Amino acid sequence: QLQVAESGGGLVQVGGSLRLSCVASGFSLDTYAVGWFRQAPGKEREGVSCISSGSSLLSTVSVKGRFTISRDNAKNTVYLRMNSLKPEDTAVYYCAARPGTCPLYSSNITYWGKGTLVTVAS
């Protein structure tokens, strides 16, 4: 089955860190742009960060300097390292992939994960 799956979410205190993982099954991620989206309660889904098949990066302003996206093609995995977490980072985080380059838009995603919940407690 062709899919991506997230892991690594959880409850963390303000200022803490988490690392999310997105693992692909049934296909190779190395020719795909992979991004992280998030959706907070009552809000629309927003793009957070993206890494292209050539490893160029794109991040939204609100997470620059705090979140780092990276990929390990040997493990068929993309990571999102999140530091200095804030309560406003609380959301369900989704992994998304499509062939090629960033940016990713919700309308052009090939594979969506089911999401992993990140809760930042103050």
Side-chain angles (χ1 to χ4, degrees):
Q1 186 174 2
L2 307 181
Q3 62 181 11
V4 294
E6 309 91 340
S7 63
L11 174 64
V12 64
Q13 297 297 313
V14 168
S17 298
L18 283 174
R19 188 181 76 164
L20 306 183
S21 299
C22 172
V23 180
S25 301
F27 69 101
S28 177
L29 274 179
D30 59 357
T31 61
Y32 281 71
V34 182
W36 290 92
F37 290 75
R38 67 185 179 185
Q39 188 165 19
K43 295 188 177 181
E44 293 187 355
R45 190 175 297 188
E46 66 168 346
V48 175
S49 196
C50 181
I51 185 165
S52 294
S53 57
S55 293
S56 59
L57 308 179
L58 189 68
S59 293
T60 193
V61 171
S62 63
V63 305
K64 282 185 176 178
R66 300 189 298 122
F67 292 9
T68 303
I69 190 169
S70 61
R71 66 193 305 155
D72 185 338
N73 289 335
K75 295 183 177 180
N76 220 21
T77 301
V78 168
Y79 303 98
L80 185 69
R81 177 68 179 182
M82 305 186 295
N83 295 328
S84 302
L85 283 161
K86 305 175 181 181
E88 52 264 43
D89 295 318
T90 295
V92 177
Y93 283 72
Y94 298 90
C95 175
R98 78 171 181 92
T101 60
C102 301
L104 299 182
Y105 300 98
S106 295
S107 58
N108 69 357
I109 300 301
T110 306
Y111 300 106
W112 280 107
K114 294 182 179 180
T116 186
L117 177 62
V118 172
T119 304
V120 184
S122 57

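Bear in mind the structure is a predicted one, so any value in this text is a computation, not a measurement.
With rounding to the nearest 0.5 angstrom, the CG atom of Leu117 is 9.0 Å from the CG atom of Leu11. Atom CE of residue Met82 and atom CZ of residue Arg19 lie 11.5 Å apart, to the nearest 0.5 angstrom. Rounding to the nearest 0.5 Å gives a distance of 12.0 Å between CH2 of Trp112 and CZ of Arg98. With values rounded to the nearest 0.5 angstrom, Arg45 atom CZ is found 13.0 Å from Arg38 atom CZ. The distance from the OH atom of Tyr93 to the OG atom of Ser7 is 15.0 Å, given to the nearest 0.5 Å. Here Asp30 contributes atom CG and Asn73 contributes atom CG; the two are 5.0 Å apart, rounded to the nearest 0.5 Å.
Leu80 and Ile51 fall within the same hydrophobic cluster, where Ile, Leu, Val, Met, Phe, Trp and Tyr residues are linked whenever their side-chain heavy atoms come under 4.5 Å apart, directly or through other members. A single hydrophobic cluster is seen to contain both Val34 and Phe27, as judged by linkage of ILVMFWY side chains at heavy-atom distances under 4.5 Å, directly or through other members. When hydrophobic clusters are built by joining Ile, Leu, Val, Met, Phe, Trp and Tyr residues whose side-chain heavy atoms come closer than 4.5 Å, directly or via intermediates, Phe67 is not grouped with Leu104. Under the 4.5 Å side-chain heavy-atom criterion for ILVMFWY residues, a single connected hydrophobic cluster contains both Leu85 and Val48.
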Exercise. Side chain to side chain contact (heavy atoms under 4.5 Å, CB included) between Ser21 and Tyr79: does it pass, once the steps are laid out?
Worked result: CA-CA 5 Å; Ser21 299; Tyr79 303 98; 3.4 Å; yes
For this session: Test Arg81 against Ser17 for side chain to side chain contact (heavy atoms under 4.5 Å, CB included), laying out the working first.
Result: CA-CA 7 Å; Arg81 177 68 179 182; Ser17 298; 3.6 Å; yes
For this session: Could you please spell out the steps behind the side chain to side chain contact (heavy atoms under 4.5 Å, CB included) verdict for Tyr111 and Tyr32?
Result: CA-CA 10 Å; Tyr111 300 106; Tyr32 281 71; 3.8 Å; yes
For this session: Please step through side chain to side chain contact (heavy atoms under 4.5 Å, CB included) for the pair Ile109 and Phe37, ending with a clear verdict.
Result: CA-CA 11 Å; Ile109 300 301; Phe37 290 75; 4.2 Å; yes
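Closest approach of Val4 to Cys95, counting heavy atoms only: CG2-O, 4.0 Å. Considering all non-hydrogen atoms of both residues, Pro87 and Ser122 come closest at CG-CB, 4.1 Å. Nearest heavy-atom pair, Cys50 versus Ala33, reported as atom, atom and distance to 0.1 Å: SG-CB, 4.4 Å.
In this structure a side-chain-to-backbone donor-acceptor pair under 3.5 Å is present from Asn76 to Leu29. Side chain of Glu6 to backbone of Lys114: a donor-acceptor contact under 3.5 angstrom is found. Arg71 places a side-chain N or O within donor-acceptor distance of the main-chain N or O of Ser52, the cut-off being under 3.5 Å.
The neighbour count for Glu88 CD, taken as heavy atoms of other residues, nucleotides or ligands under 6.0 Å away, is above 12.
Contact annotation: the side chain of Leu20 never approaches that of Tyr94 to less than 4.5 Å [non-hydrogen atoms, C-beta and beyond].
For Arg66, the side-chain hydrogen bond (donor to acceptor under 3.5 Å, both in side chains) test picks out Asp89, with sequence neighbours left out.
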